[in-house]
Amino acid sequence: AKYDTSIFEKIDVISEVSQGSTFYSKTYNYFGTFVEVRDSLKFFGQSGGLAKLPKMLGLGLEFEKGQAIGYTYHTKQNILCNDFIETADYKKHLKKSEHEIFDKNMAGKTTFNPTKYYLDYLKQDVIVLDKALIKFRTLIKDITGLDALEYLTISGIGHKYAMKFGCYEGVYETKGCLREFIQQTIRGGRVFVNPEYKNKIQTDILQDFDGVSLYPSAMARLCQKHGIAIGQIYKGTCNIEDYKDKSYYIVKIMVNKLNRKCTVPHIGIKNKAGILKYSNDLNGEEFYIDKYALEDLEKYQKISYDIIEGIYWNNGYNIKIGELANDLHNERCKYKQSNPALGNVLKLLMNSIYGKTIMKKSTEKIVYITNKQVEDGYLYNNFGIISSYEKITDFRYKVTLKDFDESYSLNHVGASILSTSKVIMNEVFYIMDENELKMLYTDTDSIHMLDEDVPKLAEGYKTHFNRELIGKNLGQFHSDFDLKGAVDDPVSIWNVSLGPKCYLDVLKGKNDKGVDIYDTHIRLKGVTDAGIKAKINEYKKENFIENAKSLFTDLSLGKEVEFILNPTKDNVMMKYVEGGITTLENGSFKRKLKF
């Protein structure tokens, strides 16, 4: 949508909703009619964009159109031209995978009007999006009773539904310094490469052992014993004993010593570059931590520490968010096969409930002012809080202001859910450490581990916690490698982990004929899929898998490798420039990696 709104640069803008580089909506005055343009993808999370929506929402095969647009052809000059051109010339601007679709669209024509073709294509996009939003709106209404179009994001819908369900009754909101104190405990997913195996090729059979819906699992788990702390917040002391019997607390501590090392450390500290680093060596470090994370540090890492300051809640809990998580999960399981569209929307909603509770304070806001306001001294009167301004149309200026955010937050809700999600993972890590089971790589809700160790882990977990570990219910784990065509649980037969979000797995499974099939699972953070594939194909081995292994072997040996992120015309990349958007020249966007 940010790209789409660039074509309206000459239309009078009334207002904008955005946060940092994240765009939500803009409202325009189009000849006296107010028109709002939204980023509708914010409803669908990581679904993969418009092309995935027909299947995701069950719109029907007629809406699952394949893409066949030569973006590099449609320059500012060409888009205004109504001349017919040779289909063969246009075809040069298409990906090879799009040729068959294009030929079908042309139905034997040797010439065509590319501008009309493009407009027809865009019209079909609008039709698909219209059908998707209508279906999504209907499903959300059926599930929650809410109108999806009254919100800008799926998180907004989830948050409102949680409120409607009663999840936050009795829960106090915070702002200002208190909000900032709580926010310090909020850390994202734990991504960790075991130093013992970093850059080392593994040929043992591995599983990607994955937690079922980790954050909904955390909501359900939180409310089994505790819940969301309700009522007033109190200033605490520097004595941990004063917190032990409290409903919930958040404290700032200084670590004296971690007396037990864990293969996967529990706490991450941001370095000077702002990167979260997990370590067993935290002596002298100061950080903010909540009740559940600190209890785990005491239990599993035998921490010695001093409290610097703290706050606490002591009026009991609201457990409704656990009930909601279980209800949505059960409904999703019920409809996953019989009504996949409903199952998919239930999953979206389930995973987005707590998202708005952890939103950071806004540091700036954008306003649009008229020429008359400028003449009346708006810029002069507000110079102290203006970061930048620019004249964007004949009628209006865009002004970026430093924002003194006075909004309220429920961030201790998100803090307790995130902390409980790590409690779930810590239990698994503990059993693996106690039984000396190998952990190669972890990413938020999953563990790369030996396939043969999974039964040992399940048995040890059952003995210690008296719960079944393997399954498809909230709080359980299962194998999560995805190999197209495999009818069994695929495994990794060759792996190397280079760093967070950077690894290669060669996968093996069996198809419905019992024949072994193979593929790769590749992550290289910061490099496009096209850039990865282009670099892999530079190696001249017998097949793609062997080429991929050669590339990652080079990276594991510390060789610097340059990737081209837009290697061919099939990989169109754009950038924002003054006055609009321009297409980057093929092969011009490069990035070097070294591990």
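Put simply, the side chain of Asp403 does not reach to within 4.5 Å of the side chain of Thr363, judged on heavy atoms.
Under the rule for a side chain to side chain contact (heavy atoms under 4.5 Å, CB included), the partners of Lys462 that lie at least two apart in sequence or sit in another chain are Asn466, Glu468. Residues that satisfy the side chain to side chain contact (heavy atoms under 4.5 Å, CB included) test with Lys336, not counting sequence neighbours, are Arg332.
Within a 6.0 Å sphere centred on CD of Glu459, other residues, nucleotides and ligands contribute 12 heavy atoms or fewer.
Between the side chains of Tyr461 and Arg467, at least one donor N or O lies within less than 3.5 Å of an accepting N or O. A side-chain N or O of Ser492 and one of Asp505 form a donor-acceptor pair less than 3.5 Å apart. Asp242 and Thr237 form a side-chain donor-acceptor contact under 3.5 Å, judged by distance and modelled atom types alone. Counted by atom type alone, Asp290 and Thr185 present zero donor-acceptor pairs between their side chains at under 3.5 Å.
Although no hydrogens or angles enter the test, the distance criterion places no donor-acceptor pair under 3.5 Å between the side chain of Asn435 and the main chain of Leu437. The closest donor-acceptor contact from the side chain of Thr528 to the backbone of Gly531 lies under 3.5 Å. Under the 3.5 Å distance criterion, the side-chain polar atoms of Ser25 are left unmatched by any main-chain donor or acceptor of Arg38. A donor-acceptor pair under 3.5 Å is absent between the side-chain atoms of Asn495 and the main chain of Gln202, judged by distance alone. Using modelled atom types, one side-chain atom of Arg187 and one backbone atom of Gly268 make a donor-acceptor pair closer than 3.5 Å. Side chain of Ser217 to main chain of Gly475: a donor-acceptor pair is present (N/O by atom type, distance under 3.5 Å, no hydrogens or angles).
Relative orientation of the His448 and Tyr441 rings is perpendicular, given thresholds of 30° and 60° on the angle between their planes. Note on ring orientation: taking the six-membered ring where Trp is involved, the planes of His266 and Tyr300 are tilted (angle from 30° to 60°). Between Tyr354 and Tyr215, the angle of the ring planes lies from 30° to 60°, which puts this pair in the tilted group.
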Quick one, Glu169 with Lys320, criterion salt bridge (Lys or Arg N to Asp or Glu O under 4.0 Å). Give me CA distance, side-chain angles, the key distance, then yes/no. CA-CA 9 Å; Glu169 288 178 8; Lys320 297 287 285 185; over 6 Å; no
What verdict does the salt bridge (Lys or Arg N to Asp or Glu O under 4.0 Å) test give for Asp147 and Arg137, after you've listed the backbone C-alpha separation in whole Å, the side-chain angles of each residue and the deciding distance to 0.1 Å? CA-CA 7 Å; Asp147 185 351; Arg137 188 182 187 188; 2.8 Å; yes
Please evaluate residues Glu436 and Lys456 with respect to the criterion salt bridge (Lys or Arg N to Asp or Glu O under 4.0 Å), reporting the C-alpha separation (whole Å), side-chain torsions for both, the decisive distance (0.1 Å), and the verdict. CA-CA 10 Å; Glu436 299 182 346; Lys456 301 173 190 174; over 6 Å; no
What's the verdict on side chain to side chain contact (heavy atoms under 4.5 Å, CB included) for Ser446 and Phe209, showing C-alpha distance, side-chain angles and the deciding distance? CA-CA 5 Å; Ser446 65; Phe209 202 53; over 6 Å; no
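For the ring-ring contact (aromatic ring centres under 6.0 Å, His included) with Tyr248, the qualifying choice from Tyr292, Tyr234, Tyr317 is Tyr292, the only one to do so. The side chain to side chain donor-acceptor pair (under 3.5 Å) with Ser407 is formed by just one residue from the set Lys361, Arg179, Lys175; it is Arg179. Among Lys244, Lys291, Arg260, the one residue that satisfies the salt bridge (charged side-chain N to carboxylate O under 4.0 Å, His left out) test with Glu298 is Lys244.
The distance from atom CD of Glu364 to atom OG of Ser387, rounded to the nearest 0.5 Å, is 6.0 Å.
Annotation: salt bridge (charged side-chain N to carboxylate O under 4.0 Å, His left out) contacts involving residues 351-360, sequence neighbours excluded, are absent.
A salt bridge links Asp443 with Lys501: the distance from a Lys NZ or Arg NE/NH1/NH2 to an Asp or Glu carboxylate oxygen falls below 4.0 Å. Between Glu331 and Lys347 there is no salt bridge, since no side-chain N of the basic residue sits under 4.0 Å from a carboxylate O of the acidic one. A salt bridge links Lys438 and Asp204; the closest N-O separation between the charged side-chain nitrogens and carboxylate oxygens is under 4.0 Å. With respect to the salt-bridge test (charged N to carboxylate O, under 4.0 angstrom), the residues Lys235 and Glu309 qualify.
Relative to the six-membered ring of Tyr24, Lys42 meets both conditions, a distance below 6.0 Å and an angle of at most 45° to the axis.
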